[in-house]
Amino acid sequence: MIDERTALLQHVLRDVAQRLDAGDEAAWTLADQALVLTKEEGPEIAAAIEARDADAVRALVAGWESGKLLAPVHDRTILKRALKSFRKSLKVTRLDAESSLGGGPMSSGRQSSIVGITPPRHYPRAVWDELVRLGRLLDSGQGTYELPPE
């Protein structure tokens, strides 16, 4: 079952296309579940799935990956929420570090040197990888990410 709150439609349909290439016709069941994510926001997606048109699904996935087509509204919403969650977690982590670095209450304190964190767990790795691909985050390695320089 697809988690509507965190699953990226692009990745679900990429998986469907790969499974169809391998001859797995049961992949259409997964595509039917993805229809729940599109609702009225993506009529071309719904049409391709309902028509069982594997070539149209592949074309959509290729368009999204190349940047020629805008990501589905559902995916853009998830990516926006995930990035907001990342920024908030980074801010809290920095504030926590700064509150313990400064010494006494009369000192001026110190700035935190934290630039990257492990992202919040309630989003799958595919979401973070997509944000890296879009240039909204940088992969620091070993499961940590950081914001790109402004």
Side-chain angles (χ1 to χ4, degrees), residues 1-100 111-150:
M1 190 67 188
I2 298 172
D3 184 359
E4 292 182 36
R5 295 169 293 148
T6 61
L8 292 175
L9 184 60
Q10 299 174 56
H11 291 272
V12 171
L13 290 181
R14 182 185 311 136
D15 184 39
V16 167
Q18 290 172 347
R19 289 172 59 183
L20 288 172
D21 289 342
D24 182 8
E25 290 297 317
W28 288 115
T29 305
L30 182 61
D32 289 335
Q33 291 175 4
L35 270 177
V36 174
L37 302 178
T38 62
K39 299 179 181 144
E40 292 85 33
E41 300 162 356
E44 67 282 347
I45 301 167
I49 293 172
E50 289 171 352
R52 300 289 193 248
D53 187 353
D55 292 331
V57 170
R58 285 186 202 97
L60 285 169
V61 170
W64 292 327
E65 289 177 349
S66 68
K68 292 180 181 175
L69 293 176
L70 278 178
V73 174
H74 175 269
D75 290 5
R76 287 182 289 191
T77 303
I78 288 176
L79 293 172
K80 184 177 178 179
R81 275 190 266 140
L83 189 58
K84 184 177 179 180
S85 178
F86 179 85
R87 285 187 172 137
K88 186 176 266 188
S89 294
L90 180 61
K91 180 180 178 181
V92 167
T93 303
R94 285 179 177 161
L95 287 172
D96 184 46
E98 288 171 358
S99 69
S100 63
Q111 291 291 324
S112 172
S113 61
I114 295 174
V115 293
I117 60 169
T118 302
R121 293 184 191 149
H122 50 274
Y123 289 99
R125 183 174 176 94
V127 170
W128 306 115
D129 291 342
E130 186 65 20
L131 286 168
V132 168
R133 189 181 76 77
L134 294 172
R136 305 299 301 268
L137 288 178
L138 299 174
D139 188 352
S140 301
Q142 298 182 350
T144 61
Y145 296 89
E146 60 185 78
L147 292 171
E150 295 178 357

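With L90 as the fixed residue, the side chain to side chain contact (heavy atoms under 4.5 Å, CB included) test singles out one of L95, V115, I114: I114.
A 4.5 Å side-chain heavy-atom check between L13 and I49 finds at least one atom pair inside the cut-off. Counting heavy atoms from C-beta on, the side chains of L20 and E25 come closer than 4.5 Å. Taking 4.5 Å as the limit, every side-chain heavy atom of L9 sits out of range of all side-chain heavy atoms of I78.
Nearest heavy atoms, A59 versus L69: O-CD1, 4.5 Å. The minimum heavy-atom distance between A17 and V57, with the atom names listed, is CB-CG1, 4.5 Å. In plain terms, the two heavy atoms of A34 and V12 that are nearest each other are CB-CG1, 3.8 Å. Of all the heavy atoms in P72 and Q10, the pair that sits closest is CD-CG, 3.8 Å. Counting all heavy atoms, side chain and backbone alike, S85 lies closest to H122 at OG-NE2, 3.4 Å.
Every pair passing salt bridge (charged side-chain N to carboxylate O under 4.0 Å, His left out) that includes a residue from residues 64-79 is listed here, sequence neighbours excluded: R14-E65. Note on residues 48-58: pairs passing salt bridge (charged side-chain N to carboxylate O under 4.0 Å, His left out), not counting sequence neighbours, are D21-R58, D32-R52, D55-R58.
Residue H74 holds its NE2 atom at 10.0 Å from CG of L79, rounded to the nearest 0.5 Å. To the nearest 0.5 Å, atoms CG (L8) and CH2 (W64) are separated by 10.5 Å. Rounding to the nearest 0.5 Å places CZ of R121 at 15.0 Å from OG1 of T6. With rounding to the nearest 0.5 Å, the separation of CG in L137 from CZ in R87 is 8.0 Å.
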Identify each donor-acceptor pair in which a side-chain atom of residues 142-150 lies under 3.5 Å from a protein atom, sequence neighbours left out, and give them as a table.
{"residue": "T144", "atom": "OG1", "partner": "G141", "partner atom": "O", "Å": "2.9"}
{"residue": "Y145", "atom": "OH", "partner": "D129", "partner atom": "OD1", "Å": "3.2"}
{"residue": "E146", "atom": "OE1", "partner": "S140", "partner atom": "OG", "Å": "2.7"}

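Within a 6.0 Å radius of CZ in R94, more than 12 heavy atoms belonging to other residues, nucleotides or ligands are found.
A tilted orientation is assigned to the rings of W128 and F86, their planes being inclined by 30° to 60°.
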Requested in this report: Begin from the C-alpha positions of E130 and V127 and carry the test side chain to side chain contact (heavy atoms under 4.5 Å, CB included) through to its verdict.
Outcome: CA-CA 5 Å; E130 186 65 20; V127 170; 5.8 Å; no

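With hydrogens and angles ignored, the 3.5 Å screen pairs a side-chain donor or acceptor of T93 with a backbone N or O of S89.
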